[in-house]
Amino acid sequence: MRFSESFIYTSKEAPSDAVLPSHIYLVRGGFIQSVGAGLYNFLPLGKKVLDKVRAVAKEELDKAGCQEVELAFVTPSEFWKESGRFEKYGKELLRFKDRKDSEYVLGPTHEEMMVNMARAFIKSYKQLPVNLYQIKTKFRDEIRPRFGLMRGREFLMKDGYSFHKDEESMIKDGFEKMEKTYSRIFERLGLDFRIVEADSGAIGGSGSKEFMVLADSGEDTIVVCEDCDYGANIEAAVRENPKAPHEIDAEYERPEMQFGKFYTPDVKTIDELAEFFHIEPYYTLKTVAKKALYDEGVEKIVLFGIRGSDELQEVKACNAVNANDLVDVSDEELEKAGLVPGFMGPKDLPEDVIFIADKTLEGEISIIAGANEKDYHYVGLNLVVLKLEHKDLAAVKEGDSCIKCGGKLKYTKGIEVGHIFQLGTRYSAPMKAEFLDENGKSKPFVMGTYGIGISRLLAAIIEQHHDERGPIWTKESAPFDLEIIISNIKKEEELKTGESLYKELSKDFDVLLDDRKERFGFKISDYELLGIPYAIIVGKKIKDGLVEIVDRKTLQKQEVNVKEAVEKIKRLLV
RNA sequence: CGGAGUGUAGCGCAGUCUGGUAGCGCACCUGGUUUGGGACCAGGGGGUCGAAGGUUCGAGUCCUUUCACUCCGACCA
């Protein structure tokens, strides 16, 4: 491709709202163009990168025996009603009606459509297993799209679905196979990633794993162990029950408490409470109120009890009560339910209020908690006699102990680029997607589902590979293999050499020839902004028969004889 | 959803308080010089000032309505 004839337009200025390197460079380099909230056009450069990433995914998936299909983007709402997700999915699901007043949704993911496809053709266990996927635009009406391609509303996703006769096959032929395949895809793209345990949510199923590209700008917090390979999304991370301060530090004694109700005027927060009684927050119980939302507009106020030293993990809490979502409750609503903000606790609760306690509180016989009465707390409260329901609710903290090896846990940030999921019969059962097994019995498919954020990968690659001058594309993601820069096209010899190198190298590689009537500085800056792995500079030194080879990663230049340049580049690019 | 802010040339912005000829930088066009780290000189083109309504002799500027976009937060008993 000749730069002078290409639709490539770089800019010195970044969009005013861009903060992430990936967002800034994708726009400045002329890869994408913003057209609305979370909506982007892919310009020729961006499209090339997108296609390359997509090709890597496709190659590995096909090699693993998956088959590509392509499903309708506009999906009839009836399928969504069959699975029960039409209401449940919430506002992210874009619904609309056609001229005949029929309801449709823009596909945010395609479980329903894929199940519908499978049930039409698969009738026997002999046809199983099968793994189908597509790489296609998705639309999710995100609350707050941001960060360029990182969190758009329209995005390119690879979504795969496997169908099996039983759990065993789903894990072996689906889940585990995809875990390996995904790892190969991300390795080929040159990414440093980690596979972590993830929240399997209210959907159920026995497991799900996320592929996290490690980057400080990642939106997900992941918990990793310093000593072993344990890693989990904070939403799903588990730990050993933390030890009490008196168990860690011999100097510190467990506070002795006589059971009783204490007058604690205006002591509402855990900090104030710990201060008031001169104890560690560990010995107090923090009660967090949430409103749990269920189908058909049902709402329930739920209280979650955790240690004062912990924080509530909302996803865990949501799963604990099997709700669609948890939202905050206003003080007015709490008062209406007979609760006193600032003084809530597990004892003497009003009727109809559910209380769930964190698992670290199981067996606790002496703790300080709100008394459900203004300006009062219970001291020395025995939780055992209250017969509370216990669930894992607390967020794992840095410094907590690993459940696998006892090592120290710490936080790191990651970009979720892949998610694999053991679905079971969550969709096949309600949608009556069934086959006949060896005994002629009708059974729903046991399914797995697997996603890769293809467009997000572009952002992830840049987040992990860039410098202050622009992106540094990895070999398999670069828009071109090589750029040839003719320093000054008015110099006959430079032009001629550049053209002949271009002709020669184009036979084997995708080459961009910068033949624009610009100055050298302008061109080299553009080269760096495009992030192409290597460049050949044809400039002044041509008089001595020399050109330079630039490595985008190190920015080092190496002089080579013109005659050797082709061979040298070939060795670098193979 | 809650809070804050911004809409003026392709992009980034000033002008709005205090109404009176629509501006700057980049980009673009023409000519010339320059040519190894985003050149310079001269000339030039490009605007429903987000939209609708109102006040006024006169509105980018004041008032009302509306749309769009962006940022922050949703981590508390």
Side-chain angles (χ1 to χ4, degrees), chain A residues 9-19 23 27-28 30 33-39 90-91 143-148 153 221 234-235 264 266-274 281 284-291 293 301 303-306 308 310-315 317 325-331 333-335 339-346 355 368-377 394-395 397 469-470 485-491 494-495 514 516-529 535 537-543 546-548 550 555 557 559:
Chain A
Y9 300 104
T10 60
S11 161
K12 264 199 273 192
E13 291 183 77
S16 53
D17 56 306
V19 284
H23 188 186
V27 173
R28 281 194 52 207
Q33 177 195 24
S34 163
V35 282
L39 303 173
K91 291 202 176 119
I143 314 173
R144 218 186 126 196
R146 54 182 140 181
F147 303 138
R153 288 195 293 173
T221 298
I234 183 92
E235 296 173 353
T264 52
D266 262 341
V267 176
K268 293 184 175 180
T269 66
I270 290 299
D271 285 348
E272 288 162 3
L273 195 61
T284 69
L285 186 142
K286 176 170 12 182
T287 303
V288 181
K290 291 281 174 188
K291 192 156 64 180
L293 306 183
I301 288 182
L303 301 186
F304 296 100
I306 50 180
D310 280 328
E311 294 293 334
L312 184 71
Q313 215 305 314
E314 220 169 287
V315 172
D325 200 7
L326 288 184
V327 294
D328 290 353
V329 207
S330 67
D331 286 0
E333 285 174 289
L334 287 179
E335 279 156 21
L339 291 161
V340 193
F343 301 95
M344 295 185 290
F355 192 101
I368 299 178
N372 292 313
E373 185 179 338
K374 189 168 165 34
D375 294 337
Y376 284 95
H377 278 85
K397 300 190 298 288
R469 303 192 185 192
I485 302 171
I486 300 172
S487 179
N488 184 347
I489 60 160
K490 287 197 178 164
K491 296 272 164 69
E494 291 182 21
L495 184 64
D514 196 342
R516 292 175 300 173
K517 196 185 144 192
E518 296 287 350
R519 312 180 109 222
F520 175 75
F522 189 87
K523 293 184 185 179
I524 190 84
S525 296
D526 264 359
Y527 162 71
E528 284 155 0
L529 186 54
I537 301 173
V538 185
K540 278 179 170 169
K541 286 164 186 143
I542 196 70
K543 282 188 281 218
L546 298 173
V547 294
E548 285 160 287
V550 185
L555 291 174
K557 294 173 190 167
E559 289 180 3

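Chain letters run A, B, ... following the sequence lines, proteins first and then strands; every chain starts at 1.
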Does any nucleotide pair with [N] by Watson-Crick or G-U wobble geometry, both distances under 3.5 Å, and what is it?
N     : result
B/U6  : B/A68
B/G38 : none
B/U18 : none
B/G23 : B/C13
B/G73 : B/C1
B/C28 : B/G44

**Residue-phosphate contact under 4.0 Å: A/Arg519 side-chain N/O, B/G38 OP1/OP2** =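 Checking B/G38 against A/Arg519, no side-chain N or O comes under 4.0 Å of OP1 or OP2.
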**Asked** Should A/Lys540 be listed as having a side-chain N or O under 4.0 Å from OP1 or OP2 of B/G36?
**Response** yes
When the [atom1] atoms of [M] and [N] are compared, how many Å lie between them, rounded to an integer?
N     : M     : atom1 : value
B/G10 : B/C29 : C1'   : 14 Å
B/U35 : B/G45 : P     : 31 Å
B/A59 : B/C75 : P     : 49 Å
B/C1  : B/G15 : P     : 32 Å
B/C24 : B/G38 : P     : 26 Å
B/A52 : B/U16 : P     : 24 Å
B/A68 : B/G54 : C1'   : 22 Å
B/G37 : B/A42 : P     : 24 Å

[atom1] of [X] versus [atom2] of [N]: gap in Å, rounded?
X        : N     : atom1 : atom2 : value
A/Asp514 : B/G36 : CG    : P     : 15 Å
A/Lys517 : B/U33 : NZ    : P     : 10 Å
A/Asp526 : B/C26 : CG    : P     : 17 Å

**Item:** A/Thr287: which of A/Phe343, A/Phe304, A/Phe355 passes side-chain contact (heavy atoms from CB on, under 4.5 Å)
**Value:**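 Running side-chain contact (heavy atoms from CB on, under 4.5 Å) over A/Phe343, A/Phe304, A/Phe355 with A/Thr287 returns exactly one hit, A/Phe355.
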**Asked** After noting the C-alpha distance and the side-chain angles of A/Asn372 and A/Val340, does the key distance pass the side chain to side chain contact (heavy atoms under 4.5 Å, CB included) rule?
**Response** CA-CA 6 Å; A/Asn372 292 313; A/Val340 193; 5.5 Å; no
Between the protein and nucleotides 27-30 of chain B, are there any N/O to N/O pairs under 3.5 Å, and if so, what are the atom names and distances?
none

Do any N or O atoms of the protein come closer than 3.5 Å to N or O atoms of nucleotides 8-12 of chain B, and which pairs are they?
from  : atom 1 : to      : atom 2 : distance (Å)
B/G12 : O4'    : A/Glu13 : OE1    : 3.3
B/G12 : O2'    : A/Glu13 : OE1    : 3.4

Could you pull out the protein-nucleic contacts involving nucleotides 74-77 of chain B (nitrogen or oxygen on both sides, under 3.5 Å)?
from  : atom 1 : to       : atom 2 : distance (Å)
B/A74 : O3'    : A/Asp328 : OD2    : 3.1
B/A74 : O2'    : A/Asp328 : OD2    : 3.0
B/C75 : OP2    : A/Asp328 : OD1    : 3.3
B/C75 : OP2    : A/Asp328 : OD2    : 3.2
B/C76 : OP2    : A/Glu311 : OE1    : 2.9
B/C76 : N4     : A/Lys290 : NZ     : 2.5
B/C76 : N4     : A/Asp328 : OD1    : 3.0
B/A77 : OP1    : A/Lys286 : NZ     : 3.2
B/A77 : O4'    : A/Lys268 : O      : 3.4
B/A77 : O2'    : A/Gly342 : N      : 3.0
B/A77 : O2'    : A/Gly342 : O      : 2.8
B/A77 : O2'    : A/Phe343 : N      : 3.1
B/A77 : N7     : A/Thr287 : O      : 3.4

**Prompt:** Closest to the A/Ala37 side chain: B/U34, B/G37, B/C69?
**Reply:**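 My answer, after comparing the listed nucleotides, is B/C69.
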